[in-house]
Amino acid sequence: MLSPTTVFPRNPKPSKLASNTTGPRCRATPSGDAAFCAFRAHHRAGRSLDANPSLIPALVACARLPAEAEAEAEQIHALLVKCGGAVSDVHAWTSLVRAYARLGRVYNARKAFDGMPNRTVVSWNVLLDALVKSGNLDAAWEVFVEMPQRNVVSWNTIISGFARLGWAQEAVDLFVEMTVVYGLAPDEATMVGFISAVRDIGLLGLGRCAHGYVLRRELLLDGALGVALINMYTRCGSMGAAHSCFSSVSNKNVEHWTSVITGFAAHGPQDMALSLFGEMRQLGIEPNGVTFVAVLNACSHGGLVSEGFRYFSLMKSMGIKPTIQHYGCLVDLLGRAGFLVEALNLASNLPKDPGFVIWSSLLAACRSHGNVEMAELAASKLADAKPSHGSSYVLLSNTYARAKQWEDLKMTRRRMEEHGVSKKPGLAGSR
DNA sequence: GTAGGGTTAG
């Protein structure tokens, strides 16, 4: 850690923000935030932390820019440690807990919280959020139960936490408890968490009810709420509802567009996905890497091989770095279209480990194009990547069945039993 | 001057 007396790093270019600050002249820090500058100026002028009017803004900046503000955050951290419990203001303490949390120092956040002279429901909510964000749902739940008061924000934090970390049913139950037992009115953020949970369970009817509530309350679809609703409908395969919901969003951002494009890419018509992508670009909305996953997926499901590679080049020319998902789409694109050798070539020469999704995509392509030899290769790669993956055996035996290789089929079934792999039918699938 | 939300390859 840096010592409290280390000088803040200097930036050769003074920022616009810095010239607006009062107090002694100073230059902007590399993070470009005037708050640190002002904080440092007051510190240099000999003010104690408690009397530094820029303490909270500086801590807020640490929380907002955790990556860029690391040096600044470390120094404020050091100053706070040195001053012990000198800071008495509950807002400053709360900002400190949040700054630690956003910097990934959950232990420090907890320590600071424990040392607070007094707490408000906001302080509790900050701690709760810190624990949820760190993925420690057990600790978060303990805090939620222990809190002296809870408000809508507390409920939203725990509900969205459960939903995000894969506990959708629990999130739905908590939503019911909040609304029915405690009589609290859900707001935008509550509905986002609830609708995401409903989406994961696939409860379209409950999703429609949630949409109805959103309309009655006239909640804004501009932000995350619109995205959550569109996504819920697309995952349930209700593309008509997804599209009309998308159309009703007044200020569409890249995530609204990406959600609806993802839906048409998966469920068709795929040219709808591509024309929406064109429309989006004409409106000047910048696609991101996720948008291109959807676009490539549309090409793959629509059998548009050369278009897919054109979009892939376009993506790179826009400065977006391809990820394993993009390569996965390309392998799928080639494989589905019957270019099995090219697909295998691409899969074998990826910068990263292809992972089980790519091998199972290739295996599925081998099955539908009847290439037994390559199917065996893909199946063995898939078994290496994910030994318990039942679909590997199923796809392979389907391939043998198509090729009428009954002995190989029997052997595969036997191996499946030996490994204790079973394929659960229908809804209770591998997810 | 302190709190909560969303899109990703089979």
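In what follows, chains carry the letters A, B, and so on, assigned in the order in which the sequence lines appear, proteins first and then strands, with residues in each chain numbered from 1.
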Rounded to the nearest Å, what distance is computed from the [atom1] atom of residue [X] to the [atom2] atom of nucleotide [N]?
X        : N      : atom1 : atom2 : result
A:Ile159 : B:dG5  : CD1   : P     : 13 Å
A:His91  : B:dA3  : NE2   : P     : 10 Å
A:Tyr327 : B:dG10 : OH    : P     : 17 Å

Hey, does the side chain of [X] come within less than 4.0 Å of [N]'s phosphate (OP1/OP2), counting only N and O?
X        : N      : value
A:Lys252 : B:dG6  : no
A:Asn297 : B:dG10 : yes
A:Arg199 : B:dG6  : no
A:Arg235 : B:dT8  : yes
A:Arg98  : B:dA3  : yes
A:Arg119 : B:dT2  : no

* Asked: Which residue pairs pass the salt bridge (charged side-chain N to carboxylate O under 4.0 Å, His left out) test when at least one of the two sits in residues 163-188 of chain A, sequence neighbours left out?
  -> none
* Just call it for A:Leu225: base, sugar-phosphate, or nothing, with non-hydrogen atoms closer than 4.0 Å on any strand. => base
* Is the CZ atom of A:Phe339 crowded by more than 12 outside heavy atoms at less than 6.0 Å? -> no
* Asked: If only atom types and distance count, is the side chain of A:Asn253 paired as donor or acceptor with the main-chain N or O of A:His256 below 3.5 Å?
  -> yes
